[in-house]
Amino acid sequence: MSKSITAEDLNVYYGDFRAVADVNIEIAPRSVTAFIGPSGCGKTTFLRSLNRMHEEVPGARVKGDLYLDDDNIYAPGVDPVTVRSMVGMVFQRPNPFPTMSVRENVLAGHKLNGTRMSKSEADDIVEKALRGANLFNEVKDRMDRPGSGLSGGQQQRLCIARTVAVEPDVILMDEPCSALDPISTLAIEDLIADLKEDYTVVIVTHNMQQAARVSEKTAFFNIAGVGEPGKMVEYDQTSVIFNNPSNEQTERYVAGKFG
Amino acid sequence: MNSTRTAPERPRGLTVKNGAAGDKVFSGLTLAAGVTILVVLAFVAIFLTIESLPALSPSLFSDQDSIDSADSFWDYVWPLMAGTVMASAIAILLATPVAIGIGLYISHYAPRRIATPVGYVIDLLAAIPSVVYGAWGMTFLAPLLVPIYQWLNTYLGWIPLFAEAEGASVTSTGRTLLTASIVLAVMVLPIATSLCREIFLQTPKLHQEAAQALGATRWEMIKMTVFPFARAGIVSAVMLALGRALGETMAVTMVLSPGVFSLSLITSGRNGTIPAEIALNFPEAFGMRQAELIAAGLMLFIITLLVNMTARWIVSRHKEFSGAN
């Protein structure tokens, strides 16, 4: 459980267009790493290349290597389905399966793996995952109600519970709070702090205070202009990025100066 | 900067709003359209009922003691109803899996440059007139199926559907109820396919990605998100197709050589359907015979109504988990 991530000269292409260029990064296990940068700078694309989700866009491909501990997930013969079962993902908009109850949502990953389990084992998994997502007390009386009936913040935590239930090595979060109110956001941020005890967490966010609050290391992405590939400009301790960045672009971005 | 800009004119008072007249006209138009369809439906139902009264109850509404073709109307109509339902049900059983398969292929499996032409070809099938399907079924498909029917009879003859009907042998022309069902299946395929495809395409990307991020294969993702999302739509598609199969006249009339009811699907001169019965006999019918045929039409109307109501009920049962909330 909990693996390191190492990218070596990773380039992501959509057809002929190079969206992300030459990323080299090492992310330690049991840590929270934030990706920040303006829209269209390739941070979400790079995040999605960490569990090969970007491949769902026709024509998308990757050049370079990406290691989970010592395993190259882009080596020939690696099945993206296996990669995704090891690298979970939480999306921008809460997306519990609408046709499933709260309980079924949490168990969805186990159902996919075809795990045979008794009802009490399943109950344990559901409770553990929901407790892990700080949601158990709020939903314990409506386990069999549809997951889409919860509030937005609860739905997002349900999605985190669903991801945690299969005990992945890495959890990727793509702007997990951008559709939530401040209180739900706080609940998710607290949760992220707990999650790093067991998981490698990578989070994309547009909220720089959030990056400062939750992450230990921060990577700043930027683009030179329209049609240019996104690049990782700077990667350092979060406190350094926000207080004493070495790159001028980073400094201007975190200070809120543009143009 | 020019400081003497004129402010946009604002409506005075709260009661009058620009465009209110347009609103009224449009709501009137939609109301009229809604009422028209109900009125037409009511007239059809009233016409069918009044015209079929002599057949439904000869002693009360005619000067005869019984109808022409049988001892009672029910004796006359139940074999036709059974034949109609049987032919349509088999057609739907054959067409639904194929329609879902093609729909999925177009929406989730095929690369776009193949998916679009395949979609066009399927839609093209809907443009072929039913008389052409009838001719194709009668002259091409039926003879082709004869050896298959004989094989079915030899090896699966213990199933009543593939047994020989009493006093007859397995068809030598292929013009049987099963052939009619197959032609019907091909005819309802386009509508079922395009509806399925449209519904599959509407599955939210969000949910599909959720499944994939959990490590679902494409097929698992489809089972997890696309099918549950599309269930109501698939039921509607099937029911629409069933409605078409129940009412299809020309193709069945041409393909089927009708006769008395039999469970055997592969014997010629057995079974018939209501639309074909009406089409074959109406031109020469008058008086009681005409009432019989219209009453048979009324029965078809009721069957179709029941099918649609069942479909609605099935769809509404799972509303809460449909993803619409």
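Since the structure is predicted, the reported quantities are computational estimates derived from the model, not experimental observations.
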Is the CZ atom of A:Arg131 crowded by more than 12 outside heavy atoms at less than 6.0 Å?
yes

Which region of A:Arg162, side chain (C-beta onward) or backbone (N, CA, C, O), has a non-hydrogen atom less than 4.5 Å from a non-hydrogen atom of chain B, or is it both or neither?
both

Between A:Phe97 and B:Met224, the two heavy atoms sitting closest are CE1-CE, 3.7 Å

Report yes if some heavy atom in the side chain of B:Phe229 is under 4.5 Å from a heavy atom in the side chain of A:Thr99; otherwise report no.
no

Check whether more than 12 heavy atoms from other residues, nucleotides or ligands sit under 6.0 Å from atom CZ of A:Arg18, and answer yes or no.
yes

Flag yes if more than 12 heavy atoms outside A:Met117 fall under 6.0 Å of its CE atom; otherwise flag no.
yes

Taking atom OH of B:Tyr109 as the centre, report whether more than 12 heavy atoms of other residues, nucleotides or ligands fall under 6.0 Å from it.
yes

What part of B:Arg218 is in contact with chain A, defined as an atom under 4.5 angstrom from a non-hydrogen atom: side chain, backbone, both or neither?
side chain

Once rounded to the nearest 0.5 Å, what's the spacing between atom CG of A:Asn95 and atom CD of B:Gln208?
11.0 Å

Note: vs chain B, highest number of non-hydrogen pairs under 4.5 angstrom among A:Cys159, A:Pro58, A:Ala108 is A:Ala108

First locate atom NZ of B:Lys205, then atom CZ of A:Arg93, and finally report the distance between them rounded to the nearest 0.5 Å.
14.5 Å

Answer yes or no: are there more than 12 heavy-atom neighbours, outside B:Leu306 itself, under 6.0 Å from its atom CG?
yes

Contact origin within B:Thr225 toward chain A - heavy atom pairs under 4.5 Å
side chain

Might you point out which heavy atoms bring B:Ala213 and A:Met53 nearest each other, and give the distance in Å?
N-SD, 4.0 Å

Considering non-hydrogen atoms only, spot the tightest contact between A:Leu112 and B:Ala211 and give its length.
CD1-O, 4.1 Å

Using heavy-atom distances under 4.5 Å, tell me whether A:Val83 contacts chain B through its side chain, its backbone, both, or neither.
neither

Non-hydrogen atoms of chain B under 4.5 Å away: do they reach the side chain of A:Pro96, the backbone, both or neither?
backbone

Can you name the nearest heavy-atom pair linking B:Leu214 to A:Gly109, along with the distance?
CD1-N, 4.0 Å

Can A:Arg84 and B:Glu209 be counted as an ion pair, charged N to O under 4.0 angstrom?
no

